Every structure is written in structure tokens, then in C-alpha cells.
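Convention: sequence-line order gives letters A, B, ...; per-chain numbering from 1. Keep in mind it's a predicted model, so treat the numbers as computed, not measured.
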There are 2 protein chains.
Amino acid sequence: MIFDGAERPVTSHDVARAAGVSQSAVSRAFTAGASISPVMRDKVRSAAALLGYQPNLLPRMMLHGRSGFIALVVGGAYNPFHAATLEAFSRALQEAGKKILLLQVDDDRALDAVVNDLAGYRVDGVVSALSILGEEAAAAISAHRIPVVLLNSGLSSEWIRVVETDNHGAGRAAARLMARGGGTRFAYVGAPSVASAARKAGFQHELAKIGMAPPLCLEGNLDHDGGYAAARAMLAAPMRPDAIFCVNDLTAIGVADAWRIEGGLDVPRDAQLVGFDNIAASAWPAYRLTTFDQNVDRMAAEAVRLLVSPAPATERSCVGFTLIERHSTAR
Amino acid sequence: MIFDGAERPVTSHDVARAAGVSQSAVSRAFTAGASISPVMRDKVRSAAALLGYQPNLLPRMMLHGRSGFIALVVGGAYNPFHAATLEAFSRALQEAGKKILLLQVDDDRALDAVVNDLAGYRVDGVVSALSILGEEAAAAISAHRIPVVLLNSGLSSEWIRVVETDNHGAGRAAARLMARGGGTRFAYVGAPSVASAARKAGFQHELAKIGMAPPLCLEGNLDHDGGYAAARAMLAAPMRPDAIFCVNDLTAIGVADAWRIEGGLDVPRDAQLVGFDNIAASAWPAYRLTTFDQNVDRMAAEAVRLLVSPAPATERSCVGFTLIERHSTAR
DNA sequence: TTGTATGCGTTATCAC
DNA sequence: GTGATAACGCATACAA
């Protein structure tokens with residue numbers, strides 16, 4: 001406090017000088033399980049407290065060779081489910097003692113920069129739900145031997161692990177549920193993604209198995225207006241569906257809104273409706289939507305487990321869903 | 001590739017040896033604007049590419065004393081607006097060349113750990129919308145001389161900068177708008193927060209100024225069910241309000257739902273309704289909610305500007321709102 | 001248990 | 001323009 005002009009951060013040497021001990025003693029006083037006497041540790045720590053010393057963690061990373069950082073790569077499409085996912089994953093990683101480097105990717109240019117950062121910061125691993133993270137990016141990351149965990153991705157290569165929901169099983173369950181509820185004219189409202197394809201396949205598979213006509217399939221985006229537009233198309237169709245499975249809750253809510261506002265129809269009276277993700281809005285009194293909870297906490301735990309595996313490995317982990325039955329399928 | 005068992009990351013020394021040059025040459029080949037001949041740079045870079053070398057950025061941080069990290073501190077309450085905020089801020093910080101350390105705080109215990117990390121990782125600054133980041137935490141961060149930017153916070157101390165929306169002005173605008181629309185029995189649905197208090201004060205101030213009776217004030221949480229419960233109370237009240245301003249869109253949507261489902265009433269016929277935040281759902285056909293956009297991109301830009309200021313300073317920056325008029329106030 | 005000395009991978013300051 | 005060398009702040013092998 002005398003020499004430095006209140007500019008340079010306090011170092012272990014400063015503390016050592018103040019306490020009249022060696023720099024290594026200071027290091028040991030802040031290292032769990034180090035061989036140091038209680039009296040020495042107290043002396044050092046009180047001197048440290050006085051100076052406002054906080055160990056710099058950057059050199060530690062250099063020495064260990066591991067940064068302790070996990071990159072969380074997120075991208076534009078904001079959906080309430082993604083927010084919940086982000087929260088679950090950051091919580092799980094933090095509890096595992098990892099620090100989270102948040103990287104936002106908006107286009108391919110940003111992606112290149114991100115891949116460089118991943119290597120430059122010596123991250124211990126990467127977690128992403130981003131579909132933009134395709135073959136070439138995966139290859140680039142593999143080249144640096146960084147474990148990657150992807151969510152609901154079809155990708156598969158060295159150093160890539162995938163955590164996925166049982167999408168096919170959920171599609172089958174949706175078909176069974178609505179058939180039991182008396183549905184006869186089925187429809188699927190999807191979007192171009194691996195997860196959507198699997199949900200649709202399961203839906204179609206089960207319908208065929210129980211002797212139902214194949215569903216009417218519509219494609220949209222993953223957003224509310226995608227569902228709304230699809231519903232308008234269905235309202236105009238010759239055979240109006242009475243059992244609709246949507247790729248996610250946002251589109252399902254769009255369908256429900258169009259059903260009521262554009263068609264003057266009611267869910268579930270005029271059509272049963274099933275969504276996916278169990279977002280907060282699905283429980284609102286206006287919707288009471290039957291949906292599938294992806295158990296993001298378990299997915300996050302799985303991701304952490306797969307991430308600590310140091311060897312190159314292609315592993316897939318499938319997390320079961322939880323069916324949340326609400327009013328939209330009540331008959 | 002011969003000696004190491006494919007374990008140790010490639011260093012600049014490895015590249016130097018492979019290219020037959022000095023380690024400094026390698027450093028220069030990867031430093032923008034360094035004094036190096038094109039032929040040398042190409043030689044080094046091709047050798048680097050061959051070995052898969054990526055400069056380690058950690059030592060650079062040690063030398064500079066600045067990490068280039070900005071801590072983004074987020075907390076439990078997930079609201080679509082927070083997701084949009086997070087996106088805007090991470091984008092702005094990334095464009096400013098900062099790396100984002102995402103820290104999740106759930107309770108006071110986690111907060112202590114976070115404050116330690118802030119110092120340990122030598123972050124260049126902290127951004128947070130968290131109200132949990134109170135006096136004592138702020139003091140702890142100030143002690144490490146780390147600039148902090150808070151959103152819509154009333155806090156004020158050394159090293160703390162605040163970016164806020166013109167909450168008071170928005171409250172006044174909401175009052176004027178609904179009075180012009182013919183409202184006579186006003187209500188405010190709030191929550192315990194500094195921002196809510198300012199919005200309410202502006203609302204009350206303007207109503208008094210134009211000679212209206214003071215609004216009925218209800219307190220809830222910031223979520224859908226808070227608005228729903230408040231609306232049920234209003235429906236049971238002797239003088240049912242006909243002009244309602246809500247602390248945010250989620251509560252406003254809750255009010256709209258209760259109005260329709262519990263009361264069989266219509267917005268805007270039976271009551272005008274104004275929200276805050278301009279979340280995606282506010283534009284859905286079922287709500288078409290008049291609301292205030294906080295211009296998060298501008299807030300994020302302001303935050304970045306305040307963050308780069310190295311000196312201790314107490315600065316406040318007020319970002320104007322944009323009124324989004326929709327059907328819920330159409331008369 | 002404690003102090004001394006060395007190394008982590010890079011950038012920056014010097015000579016050449 | 002290029003190479004040797006000294007730092008950055010800490011952890012650790014080793015000597016005492």
C-alpha cells in the first residue's frame with residue numbers, strides 16, 4: 001500500500017513480504033491439502049486479507065495444462081426451452097467445478113472465430129445444442145482433441161458425444177395417447193431438424209402399427225407463427241385433423257391459438273393437441289397443454305459425465321422423457 | 001509427433017523447432033502488426049498448420065494483467081425478457097472483443113463463490129441484472145477495483161455503473177395513453193423491485209397530474225401466475241379497473257388470460273392493458289399487447305461503453321424506451 | 001514444516 | 001528482420 005500506486009493487483013509475493021514468509025508458503029496457505037502448519041496458514045491468510053489478496057487463477061491453469069473452462073456454444077434461435085436448457089447446463093457445469101465460457105454464434109464467420117477461441121483458451125470441452133455446429137466445425141474441434149457434447153444431434157465422429165431425448169419413443173407415445181383418446185385423423189407439425197425427424201418417425205411408426213391412417217405432415221419453423229400458419233392450413237383442409245402432435249410447445253400453442261381465434265374451435269373438444277419441451281407457457285390456464293418434458297437436468301448431468309471422459313470416444317446417451325398429461329388431450 | 005505420446009498440446013517451441021527458427025519468430029508470426037518478413041511468416045504458419053498449433057492465450061493474459069473476460073452474472077428467475085437480454089449483452093460484449101464468463105447465482109452461498117471467481121480470474125468487468133447483487137457483494141467487488149454494470153438497479157457506489165430504462169417516463173406514458181383511450185379506473189400490477197417502483201411512481205404521478213383518481217395497486221411476482229392472481233382480485237373488486245398497467249408482459253398476459261377465462265371479459269373492450277419488455281408472446285394474435293420495448297441492444301452498447309472506463313466512477317445511463325402500441329389499448 | 005529454485009507458454013525488450 | 005533473454009504469478013520438486 002506504500003509503494004504501488006494502487007494499480008498493480010496484489011500478488012503472492014506481496015503477501016509473502018508482508019507476512020515475512022516465503023512465496024511458497026503463501027501458495028500453500030491457499031492450496032487445499034497442502035503441507036502447512038495451522039499457525040503459518042493463519043498468519044499468511046490474515047496478511048492476505050489485509051492486503052485484499054486473491055490468488056490469480058490464470059497461472060494455475062497454465063501449470064495444470066487444463067483451463068477448467070467449458071465452452072457453452074449458443075445460437076440465435078431463442079426459444080423458452082433454450083433458456084431452460086442454458087440454465088440447467090450452466091448449473092450442472094458450475095457444480096462440477098467448471099467455469100463457463102459463453103460463446104454466441106450467429107453466422108459461419110463467428111463460428112470460425114469461436115473454434116479458434118476454443119483451442120486458444122484450452123477449454124476442457126464444448127457443449128452445444130447448435131445445429132449450425134456441423135461436420136466441418138466438428139472436425140476442426142476434433143483436430144484439437146477437445147471433447148464435444150451435442151444435444152439431440154445426429155452428428156457422430158471422433159471426440160463427439162451426443163445426449164439426446166428418446167424422440168422416437170415420444171412420437172410413439174403421442175400416437176398411442178391420442179388414439180386412446182379417440183383421435184382418428186392425425187397430423188404432425190414439424191421443422192427441419194434431426195429431433196423433429198425422429199419424433200415424426202416415431203409418430204408415424206406407431207400409427208401404422210395400430211392400424212391408423214398415416215398423419216398429415218406439415219413443416220414450419222420452431223416458433224409460434226409456424227404453428228399458427230400450419231393450423232390455418234389444417235383448418236382449410238378437407239379432412240380436418242383431430243389429433244395433432246407438434247415438434248415443440250411453441251408451435252403447439254400457435255396451433256391452439258389459431259384453432260380458437262381463426263376457427264372458433266376448442267382444444268381438446270375439436271382436436272387433441274400434444275407439444276414438446278414443457279415450457280412455462282404450456283401450463284398456462286389458456287393452454288394446459290399435454291407435452292413431453294425432456295428432463296434437462298438429467299441431460300445436463302449426462303453431458304457433464306460425458307465431458308470428463310478424456311479419451312476420444314463416440315458415445316451416445318439417451319435420456320428418457322416424462323409425459324405431462326394436461327387438458328389438451330382430455331376427452 | 002515422434003516424441004510426445006499425442007498428449008501434450010503443441011507449443012510455439014515445437015513449431016520453432018519444426019520450422020528451424022526461433023520461438024520469438026513463431027510468436028511474431030501470430031501477432032498482428034509484428035515486424036516479420038512475409039517469407040518467414042509463411043514458413044512459420046505452414047509449419048504451425050502441419051502440427052495443428054494454436055497459440056495459447058492464457059500466458060498472454062498473464063503478461064497483460066488483463067484477462068479480457070467479462071463476467072455475466074445471471075440468476076434463477078427465468079423470464080423471456082432475460083433470455084433476450086442475455087443474448088443482446090453477450091453479442092455486444094463479444095463484438096467488443098471480450099470473452100464472456102457466465103456465472104449463475106442461485107443463493108448467497110453461490111454469490112460468495114462468484115465474487116471470489118471474479119477476482120481470481122482477473123475479470124475486466126461484471127455485468128448483471130441481478131437484484132441479489134446487493135450492497136455487500138458490490139462492496140466486495142469494489143474492493144477488487146472491478147467495474148460493475150448493473151441493469152435497472154438503484155444501487156450506487158464506487159465502481160458501480162448503472163444502465164436503466166426510463167421507467168418513470170414509461171409509467172407516465174402508460175397513464176397518458178390509457179387516459180386518452182377513455183380509461184377512468186386505473187390499476188397497477190407490480191412486483192418488489194426498483195424498476196417496478198419507478199414505473200408505478202411515474203404512473204401515479206401522471207394520473208394525479210391529469211386529475212385522475214389514484215390507481216389500485218396490486219403486488220405479485222414477475223410471472224404469469226402473479227398477473228393471473230392479481231386479475232382475479234380485480235374481477236372481485238367493487239370498482240373493476242378498466243385501464244391496467246403491468247410491471248411486465250408476463251403478468252400482463254396473466255391478466256389478459258384471467259380476464260377472458262375467469263371473467264368472460266375482453267381486452268381492450270372491458271379494459272385496456274399495457275405491459276413491459278415486448279417479449280415475443282406479447283405479439284401473439286391471442287394477446288396483441290401494447291408494451292414498452294427496453295431497447296436492449298442500446299442498453300448493451302451502453303454497458304460496454306461504461307465497462308471500458310478504467311477509473312472508479314459512479315455513472316448512470318438512461319436508455320429511452322419505445323412504445324409499441326397494439327390492440328390491447330385500441331379503443 | 002518451511003524455504004529455494006525451476007518451469008508453465010507466451011510477449012516484450014534488447015542486442016545484432 | 002531476427003534471435004536470445006527476461007519477465008508474468010503461481011505450483012511444485014527438492015533441499016534443509
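- For B/Q54 and C/dT10, the CD to C1' distance is 14 Å, given to the nearest whole Å.
- Within the 4.0 angstrom heavy-atom criterion, only backbone atoms of the sugar-phosphate kind lie near B/S37; the bases stay farther away.
- For B/R60 and C/dT11, the shortest distance from a side-chain N or O to OP1 or OP2 is below 4.0 Å.
- Not a single donor-acceptor pair under 3.5 Å links the side chain of A/S12 to the backbone N or O of A/S27.
- Inspection of the A/E158 and A/S142 side chains reveals no N or O donor paired with an N or O acceptor under 3.5 Å.
- With rounding to whole Å, B/R122 atom CZ is found 8 Å from D/dG9 atom P.
- At least one donor-acceptor pair under 3.5 Å links the side chain of B/D124 to the backbone N or O of B/G68.
- As a whole-Å value, the separation of B/K43 NZ from D/dG3 C1' is 13 Å.
- The line from CD of A/E315 to CZ of A/R161 is 7.0 Å long, rounded to the nearest 0.5 Å.
- Nucleic acid contact for B/L63: base, since at least one base atom lies under 4.0 Å from a heavy atom of the residue.
- Closest-nucleotide positions on DNA chain D for B/V39 and A/S12 were compared, and the one nearer the 5' end corresponds to B/V39.
- Of the residues in residues 23-32 of chain B, those with a non-hydrogen atom less than 4.0 angstrom from any atom of DNA chain D are B/S24, B/A25, B/R28.
- One interatomic measurement links the two molecules: CG of B/L57 to P of C/dT11, which rounds to 8 Å at whole-angstrom precision.
- The nearest whole Å value for the distance from the CZ atom in B/R41 to the C1' atom in D/dG1 is 14 Å.
- Following rounding to the nearest Å, A/H13 (NE2) and C/dT6 (C1') show an atom-to-atom distance of 12 Å.
- Between B/E302 and B/R298 there is no salt bridge, since no side-chain nitrogen of the basic residue lies less than 4.0 Å from a carboxylate oxygen of the acidic one.
- In terms of position on DNA chain D, the residue among B/M40 and B/M62 whose nearest nucleotide sits closer to the 5' end is B/M40.
- Taking the six-membered ring where the residue is Trp, A/F69 and B/Y121 present tilted rings, their angle falling between 30° and 60°.
- The separation between A/M61 atom CE and C/dT10 atom P is 13 Å, rounded to whole Å.
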Could you give the side-chain donor-acceptor pairs of residues 33-45 of chain B under 3.5 Å, partners two or more places apart or in another chain?
unit_1: B/S37; atom_1: OG; unit_2: B/M40; atom_2: N; d: 3.3
unit_1: B/R45; atom_1: NH1; unit_2: B/A29; atom_2: O; d: 2.9

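- Counting any heavy atom pair closer than 4.0 Å across all strands shown, A/S35 reaches a base atom.
- In this structure, the helix from C/dT1-D/dA16 to C/dC16-D/dG1 shows an angle of 40° between the axis at its start and the axis at its end, each fitted on 5 base pairs and rounded to 10°.
- Contact between A/V10 and B/R122 at its shortest, heavy atoms only, is O-NH2, 3.8 Å.
- Checking the phosphate oxygens (OP1, OP2) of D/dG9, no side-chain nitrogen or oxygen of B/Y121 falls inside 4.0 Å.
- With a 6.0 Å radius and a threshold of 12 heavy atoms from other residues, nucleotides or ligands, A/R316 has its CZ atom above the threshold.
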